[in-house]
Number of protein chains: 2
Amino acid sequence: MSSVAKKTAGTGAPEKGSTSQATAERIPAAQRRELILEAATGVFAERGYAGSTTDQVAKAAGISQPYVVRMFGTKEALFLEALDRAQGKLLRAFRNVIAAYDAGELAEELQHLDPAAGSGRPEQLKQLMAIAYADLVEDRGILMMLMQAFVSGHEPAIGARAREGFLDIYRLVRDEAGLSPDTARDFLAQGMLMNTLIGIRLPEVYEQDSTAEELLECTLRSKLPMVLKASKAQRRAG
Amino acid sequence: MSSVAKKTAGTGAPEKGSTSQATAERIPAAQRRELILEAATGVFAERGYAGSTTDQVAKAAGISQPYVVRMFGTKEALFLEALDRAQGKLLRAFRNVIAAYDAGELAEELQHLDPAAGSGRPEQLKQLMAIAYADLVEDRGILMMLMQAFVSGHEPAIGARAREGFLDIYRLVRDEAGLSPDTARDFLAQGMLMNTLIGIRLPEVYEQDSTAEELLECTLRSKLPMVLKASKAQRRAG
DNA sequence: CCTTTAAGTAATCATTCGATTACAACAATC
DNA sequence: GATTGTTGTAATCGAATGATTACTTAAAGG
């Protein structure tokens, strides 16, 4: 997805010799909004709310800083929207698993589950959702965006949203997947551990530290190779 | 420097008689250092690294902002020292439990453990350390200070230190308490969940939200009343 | 007393950052 | 082709913040 109509990189010279326009390609506001939210999710996930600047988001989205502010009003409003979006993606991922399971579409995946963990619907859904959660690590923005919100409870608006969002996830796992409170708690705890391991960038030292290797191995299991690959890609891009 | 300009304000203002004490009480630098670290832990725990200012730390410690900076050099150095201190307290708390257990000093506490969770040394130590961890919530600064470090992996110095610190804790739990990797992982996961619940200030809505009530109940168990009390105290302190 | 040292602050500086303003260019519509 | 709304930027402002400088003052030690 790149510019076709405009200059900048369109025809030959990226230099601004001719028309001194540094302006981005014009696209509808609704699409631009989504691009900004995508960029903001990455920036906020990386640096947290206070550690991010609207200019970093603007640069990541390929537009100017005033445009970001004008479109969302304030940095806080932008953060809240990005948070909602990330939470929505997580809830949708879980609901997709549940729906597919109940429709009997996961016969293949069921073969690879740990039989010792139980064969009831809640036990199997728990394992399947854990896999879906680990899949979200590939993006890395979504889970760390949530994590950053979870440690920003001192900001009144963000704290309130984070609380509600976390409880939404708990209720989904309990009511829609049917996990008992204790099982739901264990499920969430595993998720928070994964977030933490990603947050401290443990995959980056996987090869140099055997303790890190062991902990990552027993936390991510079959999803470890994918996470390691995503980590390396992230480092290149960073 | 002692020639002429020395007495600029010496003309009228040096009232030493009673009230207006613009300067803090003079105490040895080593003690002041500890006071600043204590204050910094609370501030960083609350607002994170980027969200905290050296002036907030100074105010919390009852001294001026330049003094904070001069004593630690940079905000980052201050954060790293506070982080070390918090991690040290956590490690010490766990080692105290292990030593007391091995010395047979915990006969009373053993009566209150869940027998269904197993009666071997690792199983009992896991439960005892979980209680010790929850006890640290009372301070609140220590655990959230660590949590804030865990989401600051993008800061090179902090990220490196956070990684090492987390692995130190894992090794302690595995090697000194004797937990298997899987059990150690589950233990850490519960800890990360507790941190998250504290981070989003879930205890503050305990009375208004039955979902929050259930989740807190099944995560903190016997330690819930203490955490609720600490939460209320924290709110009053603001 | 006087000199030295340690503890502490006021003032300020250079950046950074979120937000605002004013404007430019493109596109649709009449 | 003039009008009008949409998409976008440059310039800049005021407040906040980490750090520095220069100073003050309470003790400690002759």
Side-chain angles (χ1 to χ4, degrees), chain A residues 3-8 10 16 18-36 39-40 43-44 47-80 155, chain B residues 1-17 20-36 39-40 43-44 47-80 155 157:
Chain A
S3 62
V4 179
K6 263 321 202 173
K7 55 243 65 199
T8 356
K16 47 184 54 182
S18 54
T19 52
S20 62
Q21 301 285 31
T23 171
E25 187 189 2
R26 281 174 78 105
I27 62 176
Q31 286 176 38
R32 183 66 78 191
R33 198 179 179 80
E34 190 53 33
L35 290 177
I36 297 176
V43 172
F44 284 134
R47 321 182 76 97
Y49 174 63
S52 302
T53 72
T54 54
D55 193 55
Q56 288 165 343
V57 173
K59 291 268 188 0
I63 55 167
S64 68
Q65 181 261 349
Y67 199 16
V68 172
V69 173
R70 206 183 47 184
M71 184 162 276
F72 292 90
T74 65
K75 183 170 95 157
E76 184 181 74
L78 171 60
F79 186 90
L80 289 172
E155 295 270 347
Chain B
M1 70 174 192
S2 61
S3 58
V4 185
K6 184 74 180 290
K7 61 196 317 311
T8 56
T11 57
E15 73 294 273
K16 61 165 184 179
S20 109
Q21 179 177 340
T23 92
E25 186 191 1
R26 281 173 83 104
I27 63 177
Q31 286 177 37
R32 183 66 78 192
R33 199 181 179 80
E34 191 53 35
L35 290 178
I36 297 176
V43 173
F44 284 135
R47 323 181 74 97
Y49 173 62
S52 301
T53 72
T54 53
D55 193 55
Q56 288 166 344
V57 173
K59 291 272 191 352
I63 56 167
S64 69
Q65 181 261 349
Y67 198 17
V68 172
V69 173
R70 205 184 48 184
M71 184 164 274
F72 292 90
T74 64
K75 181 169 97 157
E76 185 181 73
L78 171 60
F79 186 90
L80 289 173
E155 296 269 348

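By convention in this document, chain letters (A, B, ...) are assigned in the order of the sequence lines, proteins followed by strands, and residues within each chain are numbered from 1. Bear in mind that the values here come from a model prediction, so they are computed numbers and not experimental data.
Nucleotide C:dA25 holds its C1' atom 17 Å from the CD1 atom of A:Ile63, rounded to whole Å. Separating the CZ atom of B:Arg33 from the P atom of C:dA6 is a distance of 15 Å, rounded to the nearest angstrom. For the pair A:Glu25 CD and C:dA27 C1', the interatomic distance rounds to 14 Å; values are reported in whole Å. Rounded to an integer number of Å, the gap from B:Arg26 CZ to C:dT5 P is 14 Å. In this structure, B:Leu78 places its CG atom 15 Å from P of D:dT17, rounding to the nearest Å. Between the CZ atom of A:Phe72 and the P atom of D:dG8 there is a distance of 12 Å, given to the nearest Å.
Side-chain proximity of B:Ile27 to the nucleotides C:dG8, D:dT7, D:dT9 is greatest for C:dG8.
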Go through the steps to decide whether A:Leu35 and A:Ile27 satisfy the test side-chain contact (heavy atoms from CB on, under 4.5 Å), and finish with yes or no. CA-CA 10 Å; A:Leu35 290 177; A:Ile27 62 176; 3.6 Å; yes
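Taking the six-membered ring where tryptophan is involved, the planes of B:Phe44 and B:Phe79 are perpendicular, since the angle between them exceeds 60° and thus also 30°.
At least one donor-acceptor pair closer than 3.5 Å links the side chain of B:Gln56 to the backbone N or O of B:Thr53.
With A:Phe72 as the partner, the side-chain contact (heavy atoms from CB on, under 4.5 Å) test is satisfied by one option alone out of A:Val57, A:Thr54, A:Leu78: A:Leu78.
Between C:dA7 and B:Arg32, no contact under 4.0 Å exists linking OP1 or OP2 to a side-chain N or O. Dashed line: the shortest gap from a side-chain N or O of B:Tyr67 to OP1 or OP2 of C:dG8 is under 4.0 Å. Put simply, B:Ser64 has a side-chain N or O that comes within less than 4.0 Å of OP1 or OP2 on C:dT9.
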What does nucleotides 17-22 of chain C look like as a protein-contact string, B for base, S for sugar-phosphate only, - for none, at under 4.0 angstrom between heavy atoms? SBBB--
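In terms of heavy atoms, B:Arg32 sits closest to B:Ala24 at NH2-CB, 3.8 Å.
Every side chain to side chain contact (heavy atoms under 4.5 Å, CB included) that A:Glu34 has, sequence neighbours left out, goes to A:Leu37, A:Arg85.
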